[in-house]
Amino acid sequence: MAPSTPKVDAVVEKAKAAAAPQMSAASLYGRFALAGAICCSVTHGALTPVDVVKTRIQLDPVTYNNGMIGGFKKVIQNEGAGALLTGVGPTFAGYFLQGAFKFGGYEFFKQQSINLLGLETATNNRTAVYLASSAAAEFFADIALCPLEATRIRLVSQPTYASGLISGFGKMLKNEGIGAFYAGFGPILFKQIPYTMSKFVVYEKVAEAVYSVYPKKDMSDSAQTAVNLGSGLIAGFAAAIVSQPADTMLSKINKTPGAPGESTTSRLVKIAKELGLKGSYTGIGARLFMVGTLTAFQFAIYGDVKKALGATSGVELAK
């Protein structure tokens, strides 16, 4: 009888080889999740002013019609510099949760793909593995993110609505019910899943191209961080362009409550018709800057935090 070949958890095996003491799969994936939570919350929180201006441009393009720099000036002139930090609480909290599920889930689902397909088949079809793994991770991440993103948009679009995360969240829950937090769940999936799929696959492909010329094992830590920054920047531009229409619709649907009896689907159809293709790309300049910057720093921070936590770089399928 031929001996059976056990499925090897490549992530855990690499971690065991690189870190001491040995860590369990739960501990390793927990470290991936923590690194993802830190990188997403820090970058999104730091870019709250850009997000405020971007959201204002999307929701009121008539008033905010002078681009990103003009938008900054107008917000400060009309409401003071403090208005640029509107929604920082739900932004930090929401993306802390989302980052944990997104990055931790991406590593987890990549490994499950290897377990299911085998390492060779997964490597030969790695683009499909990247796409499927990132989509699955983002779905669960959005369940956690959606209520806090709805609160953030309400605070940004209606500055007098509430004083912050706790009061805004409580007011929405009391007046509109839990369904209000998920009115934008469809658009957020429509936005975030293509965004995350393009973000991870472009990052993986760009990094793979760089490492095929300059082997990773020969690079210093600072050089690897630079590769993460560059690959993340390109990935961020691609992700912003792919997901911009849904981002605009998400801002619109969370700006105000729907009419009594009006379904989310009918609201989305109505908003899409009003916007058109050109309108759906309102604010793309601000968003390219924001998403490109934050994605570059996310991958750089993620890689460095994983090293600091004693985790590995994850499952690498590049040939």
I'd like to know if the side chain of [X] and the backbone of [Y] have a donor-acceptor N/O pair within less than 3.5 Å.
| X | Y | answer |
| --- | --- | --- |
| S134 | L131 | yes |
| R152 | G87 | no |
| T121 | G118 | no |
| S212 | A209 | yes |
| D60 | I57 | no |
| T86 | A83 | yes |

Can you hop from [X] to [Y] via hydrophobic side chains spaced under 4.5 Å?
| X | Y | value |
| --- | --- | --- |
| V202 | V129 | yes |
| V213 | Y211 | yes |
| F92 | M290 | no |
| V242 | Y281 | no |
| I38 | L28 | no |

Note, [X] side chain near [Y] side chain (heavy atom, < 4.5 Å):
| X | Y | answer |
| --- | --- | --- |
| N228 | Y203 | yes |
| T127 | V201 | yes |
| K73 | Q77 | no |
| E208 | K216 | no |
| K199 | E138 | no |
| P49 | L85 | yes |
| Q112 | E107 | no |
| M219 | V210 | yes |

**OP:** Tell me, please, whether Y130 has K110 positioned over its six-membered ring: NZ or CZ under 6.0 Å from the ring centre and within 45 degrees of its axis?
**Re:** no
Subject >> Residue pair Y95, L148: steps toward the side-chain contact (heavy atoms from CB on, under 4.5 Å) verdict >> reply: CA-CA 9 Å; Y95 283 97; L148 293 155; over 6 Å; no
Could you give the distance from [atom1] ([X]) to [atom2] ([Y]), rounded to the nearest 0.5 Å?
| X | Y | atom1 | atom2 | result |
| --- | --- | --- | --- | --- |
| F139 | I143 | CZ | CD1 | 4.5 Å |
| D304 | F297 | CG | CZ | 11.5 Å |
| Q192 | C146 | CD | SG | 10.0 Å |
| T91 | L165 | OG1 | CG | 9.5 Å |
| K191 | Q244 | NZ | CD | 9.0 Å |
| F237 | F289 | CZ | CZ | 9.5 Å |

**OP:** Check the pair F103, F32 against side-chain contact (heavy atoms from CB on, under 4.5 Å), reporting the backbone distance first and the verdict last.
**Re:** CA-CA 7 Å; F103 281 85; F32 289 151; 5.9 Å; no
Residue [X] excluded, over 12 heavy atoms near [atom1] under 6.0 Å:
| X | atom1 | value |
| --- | --- | --- |
| F109 | CZ | yes |
| Y161 | OH | yes |
| I166 | CD1 | no |

**OP:** Only one of V50, L47, V42 passes side chain to side chain contact (heavy atoms under 4.5 Å, CB included) with L294; say which it is.
**Re:** L47
Verify whether the ring centers belonging to [X] and [Y] lie closer than 6.0 Å.
| X | Y | answer |
| --- | --- | --- |
| Y29 | F108 | yes |
| F299 | F200 | yes |
| F181 | F169 | yes |

Original post:
Is the shortest distance from a Lys or Arg side-chain nitrogen in R154 or E149 to a carboxylate oxygen in the other one below 4.0 Å?
Top reply: no
Original post:
Is E204 salt-bridged to R126, cutoff N-O under 4.0 Å?
Top reply: no
Search all heavy atoms of [X] against all heavy atoms of [Y] and return the closest pair with its distance.
| X | Y | result |
| --- | --- | --- |
| L317 | A122 | CD1-O, 4.1 Å |
| S198 | A239 | OG-CA, 3.3 Å |
| V206 | S231 | CG1-OG, 3.5 Å |
| C40 | G99 | SG-CA, 3.5 Å |
| L155 | P90 | CD1-CG, 4.0 Å |
| R56 | V156 | NE-O, 3.0 Å |

**OP:** Go through the steps to decide whether I188 and L145 satisfy the test side-chain contact (heavy atoms from CB on, under 4.5 Å), and finish with yes or no.
**Re:** CA-CA 9 Å; I188 210 170; L145 172 67; 3.9 Å; yes
Original post:
Would N125 and L117 satisfy side-chain contact (heavy atoms from CB on, under 4.5 Å), going step by step from the backbone distance to the final call?
Top reply: CA-CA 10 Å; N125 297 278; L117 301 172; 5.6 Å; no
**OP:** Please report the C-alpha distance between R287 and D51 in whole Å, then the side-chain angles of each, then the deciding distance to 0.1 Å, and finally whether the salt bridge (Lys or Arg N to Asp or Glu O under 4.0 Å) criterion is met.
**Re:** CA-CA 8 Å; R287 193 153 183 268; D51 208 17; over 6 Å; no
**OP:** Starting from the C-alpha separation in whole Å, work towards a yes-or-no answer on side-chain hydrogen bond (donor to acceptor under 3.5 Å, both in side chains) for Q111 and N115.
**Re:** CA-CA 6 Å; Q111 182 56 50; N115 291 344; 2.9 Å; yes
